[in-house]
Amino acid sequence: HIIVENLPRTALAADIRRTLRRERVVGVDDVQVDLYRFTSNRRTYLTLSHPDFLQPNIAKLEMASVGGFLVSAYPTDIPSVNSESRGVKGRQLASKRGAITGTGPSGCIPNNGRHVCIWGLPPKVSSDSIREYLQKFGLTKLDDKSEIYQVPLPESAFSLFSRHLLRTQSLSDSYHIVRRVHMTYFQPEVFGKKFQVHACVVR
């Protein structure tokens, strides 16, 4: 594996793949952006099809840039991914254990664009309150079966806000939600402008 660092925070796996093609980097089977609580950690993992590609690819990336940022590349071992969050029941159990942290390659979830991270919410807000808030924006596809999970804080950390992961039906639904709710206020009739909501598609 290769880790590529110093990426723009907005860089997606597709941006990385374009750079790899431009620099003629070969033998890359997978590209996974490293996330911290479902937001970019400014680095990505490249999975190679054969160890022989390691050193030549690192050499090709020495002077490469992504979005105007000069990147660095090193050999690495990719962190293990918890597979217990597969399926609805698996994700529910993982959430109860505080295991949906959003930290690691692709946040340790499938990088298919069917997840939205929402933060800036009250610390003890319920999934039902979030669902009701989203439905006010005409997001009618959200029902009682929609999966909304709170992202736990790291140990010994404190925050006046909470972060949640919403699983959607499609990539287009994810972008629709982000366009509608990003930079809005949660229940302004109750809290005023205390809780400004941020949202991004997890890719």
Side-chain angles (χ1 to χ4, degrees), residues 1 3-16 30-47 76-127 129-131 133-134 139 142 146-171 173-184 186 195-203:
H1 298 86
I3 187 168
V4 182
E5 299 183 331
N6 197 39
L7 297 167
R9 290 200 181 276
T10 55
L12 304 176
D15 302 318
I16 310 302
D30 196 16
V31 176
Q32 292 182 288
V33 177
D34 189 45
L35 303 180
Y36 175 75
R37 305 191 75 218
F38 292 116
T39 56
S40 174
N41 223 359
R42 299 191 62 196
R43 58 190 184 189
T44 192
Y45 293 97
L46 309 180
T47 300
T76 188
D77 292 324
I78 195 167
S80 59
V81 176
N82 184 4
S83 61
E84 295 180 9
S85 59
R86 293 175 181 171
V88 176
K89 290 185 179 180
R91 288 187 291 272
Q92 290 173 344
L93 290 173
S95 177
K96 288 180 181 179
R97 295 181 4 255
I100 300 180
T101 64
T103 299
S106 300
C108 298
I109 61 172
N111 59 346
N112 53 17
R114 292 180 54 195
H115 297 84
V116 173
C117 182
I118 302 174
W119 67 99
L121 298 163
K124 294 184 179 181
V125 66
S126 67
S127 296
S129 295
I130 297 173
R131 190 176 292 108
Y133 160 72
L134 295 174
L139 302 172
L142 295 172
S146 300
E147 297 178 57
I148 301 175
Y149 304 107
Q150 184 164 358
V151 181
L153 284 168
E155 288 187 20
S156 72
F158 173 78
S159 176
L160 294 173
F161 308 97
S162 64
R163 184 177 298 246
H164 295 257
L165 181 71
L166 168 65
R167 184 175 169 85
T168 67
Q169 296 180 16
S170 67
L171 176 62
D173 286 347
S174 296
Y175 278 108
H176 181 59
I177 290 171
V178 171
R179 285 194 299 268
R180 297 300 298 271
V181 307
H182 184 59
M183 301 303 288
T184 62
F186 182 79
F195 296 105
Q196 188 174 48
V197 177
H198 302 262
C200 70
V201 179
V202 180
R203 295 295 302 273

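By convention here, the first residue in the shown sequence is residue 1. Heavy-atom basis, side chains included; hydrogens, waters and symmetry copies ignored.
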Rounded at 0.5 Å granularity, tell me how far CD1 in I118 sits from CG in L134. 5.0 Å

Between R163 and W119, is there a donor-acceptor pair closer than 3.5 Å when you use the side chain of the first and the backbone of the second? no

Say you draw a straight line from CD of Q32 to OG of S106; how long is it, rounded to the nearest 0.5 Å? 4.0 Å

Please check: side-chain N/O of H182 versus main-chain N/O of A199, any donor-acceptor pairing under 3.5 Å? yes

Nearest 0.5 Å, what's the CG-OG1 distance between L153 and T101? 11.5 Å

Within the distance-only criterion (no hydrogens, no angle test), does the side chain of T47 pair as donor or acceptor with the backbone N or O of H1 below 3.5 angstrom? no

State, to 0.1 Å, how close P122 and S162 come at their nearest heavy-atom pair, and which atoms those are. O-OG, 2.6 Å

Criterion side chain to side chain contact (heavy atoms under 4.5 Å, CB included) against R203, the qualifying member of L171, D15, V33: L171

Whether the side chain of R37 engages the backbone of V151 through a donor-acceptor N/O pair (distance < 3.5 Å, no angle test) should be reported. yes

With distance as the sole test, does S174 use its side chain to make a donor-acceptor pair with the main-chain N or O of G113 at under 3.5 Å? yes

How long is the gap from CG on D30 to OH on Y45, to the nearest 0.5 Å? 13.0 Å

Non-hydrogen atoms of R91 and I100 that approach each other most closely: O-CD1, 3.5 Å

Test side chain to side chain contact (heavy atoms under 4.5 Å, CB included) on I16 and V4 and set out the steps. CA-CA 9 Å; I16 310 302; V4 182; 5.7 Å; no

So, the side chain of N112 versus the backbone of R114: is there a donor-acceptor pair under 3.5 Å, distance only? yes

Begin from the C-alpha positions of F186 and V125 and carry the test side chain to side chain contact (heavy atoms under 4.5 Å, CB included) through to its verdict. CA-CA 10 Å; F186 182 79; V125 66; 3.6 Å; yes

Of the non-hydrogen atoms in P123 and S159, which two are nearest, and what is the gap between them? CB-O, 4.5 Å

For the atom pair OG1 (T39) and NE2 (H198), what is the distance rounded to the nearest 0.5 Å? 11.5 Å

Spell out, as yes or no, whether a donor-acceptor pair under 3.5 Å connects the side chain of R42 to the backbone of L7. yes

Value rounded to 0.5 Å, distance of CD1 in I109 from CG in L35: 7.5 Å

Using only atom types and a distance under 3.5 Å, with no angle test, would you say the side chain of T168 pairs donor to acceptor with the backbone of S170? yes

I would like to know whether C200 and F38 meet side chain to side chain contact (heavy atoms under 4.5 Å, CB included); could you show each step before the answer? CA-CA 9 Å; C200 70; F38 292 116; 5.8 Å; no

